[in-house]
Amino acid sequence: MNNGQIMKRVAVFASGRGTNLQALIEATKKGEIPAKIVLVITDREDAQALRRAAQNFIKAFYLSPEGLTREEYDTLLLRFLQDNQIDLIALAGFMRILSPVLIRAYPNKILNIHPSLLPAFPGLHAQRQALEYGVKVTGCTVHLVDEEVDHGPIVIQRTVPVYDTDTEETLSARILEQEHIAYPEALKLLAEDRLIVQGRRVFIRDAGTT
Ligand code: GAR
């Protein structure tokens, strides 16, 4: 189980349906990750992630961005995080760009998942970008968040073939399956303090001993 490791307190930020949130909830509940999701925050009132949090008895907030600058919004978020003694943050389909206010408060403690093999196809509609570009392989990336969008040091990538018959929907669905494997793996490594970041490169302490 947790080998006596201290449980990290995790906040997940999500804007939508929250399937990655669900994968993280299930993985942490199994007790294989020394982490507990204690807070879910969304910037959209209708985010399904809120319902998933409630179903799992996790404290959840909708924080409206209306009328706030990015820095003001993130300052409020930071207060929630500090009030809840959050150690780690996982962005799971959170469609806002974080400001340095948050990133500097949590250096190398924020993970993001993106549906492409970064640095290819950052930004919105990564799966559509991959199809339109004509790549034969794409996938997903879990990375640490730095001050550039979809850019920080890469923790895990998983590949997915692109088929001639793929549509944006079929490709997205196959990538999503891999996201649900990659994200819990990455959170586990971060929660176990096993990520060694040297510049852009991330090395895994004691790789192969899990
Ligand atoms: C996921 O495919 C995730 O990789 C993507 O949003 C989706 C959220 O799905 N994130 C980004 O594109 C971030 N740049 P979910 O709400 O079901 O987890």
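These numbers come from a predicted model, not from an experiment. As the structure lists them, so they are numbered: ligands from 1, and atoms in each ligand from 1.
- With values rounded to the nearest 0.5 angstrom, D43 atom CG is found 9.0 Å from S64 atom OG.
- If you check which protein heavy atom lies closest to atom 14 (N) of ligand 1, you get H114 ND1, 3.0 Å.
- The nearest protein atom to atom 4 (O) of ligand 1, hydrogens excluded, is given as E179 OE1, 2.8 Å; this is a heavy-atom distance.
- Not close to ligand 1: Q22, with no non-hydrogen atom less than 4.0 angstrom away.
- In summary, the atoms of ligand 1 found under 4.0 Å from a heavy atom of M95, numbered by their order in the structure, are 6 (O), 10 (N), 11 (C), 12 (O).
- Side-chain contact between T42 and F13 is absent, with no heavy-atom pair separated by less than 4.5 Å.
- Residue contacts with ligand 1, taken as heavy atom pairs separated by less than 4.0 Å, do not involve L124 at all.
- Across the listed options L24, V12, T141, T19, T19 owns the non-hydrogen atom lying nearest to atom 17 (O) of ligand 1.
- Considering only non-hydrogen protein atoms, atom 8 (C) of ligand 1 sits nearest to G93 CA, 3.6 Å.
- G18 N, 2.8 Å is the protein heavy atom nearest to atom 16 (O) of ligand 1.
- Its side chain within the 4.5 Å cluster rule, L117 clusters with V137 among the Ile, Leu, Val, Met, Phe, Trp and Tyr residues.
- At least one heavy atom of P115 sits closer than 4.0 Å to an atom of ligand 1.
- Taking the side chain as every heavy atom from C-beta outward, T159 and Q157 never approach each other to under 4.5 Å.
- When H180, Q48, R52, E179 are each tested for a side chain to side chain donor-acceptor pair (under 3.5 Å) with T19, only one passes: H180.
- Distances between N or O atoms of N20 and those of ligand 1 include at least one value under 3.5 Å.
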Donor-acceptor list for residues 80-102 side chains, cut-off 3.5 Å, not counting sequence neighbours:
residue: N84; atom: OD1; partner: K59; partner atom: NZ; Å: 2.6
residue: N84; atom: ND2; partner: F80; partner atom: O; Å: 2.8
residue: D87; atom: OD2; partner: R9; partner atom: N; Å: 2.7
residue: S99; atom: OG; partner: D74; partner atom: OD2; Å: 2.7
residue: S99; atom: OG; partner: V101; partner atom: N; Å: 3.3

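- A donor atom on one side chain and an acceptor atom on the other are found under 3.5 Å apart for Q178 and R158.
- Distance CG/L77 to CG/L68: 9.5 Å, rounded to 0.5 Å.
- At least one side-chain heavy atom of E168 sits under 4.5 Å from a side-chain heavy atom of H125.
- Residue-ligand proximity: A14 is placed with every non-hydrogen atom at 4.0 Å or more from ligand 1.
- Looking at atom 10 (N) of ligand 1, its nearest protein heavy atom turns out to be I113 O, 3.6 Å.
- Shortest contact from atom 7 (C) of ligand 1 to any protein heavy atom: R17 NH2, 4.1 Å.
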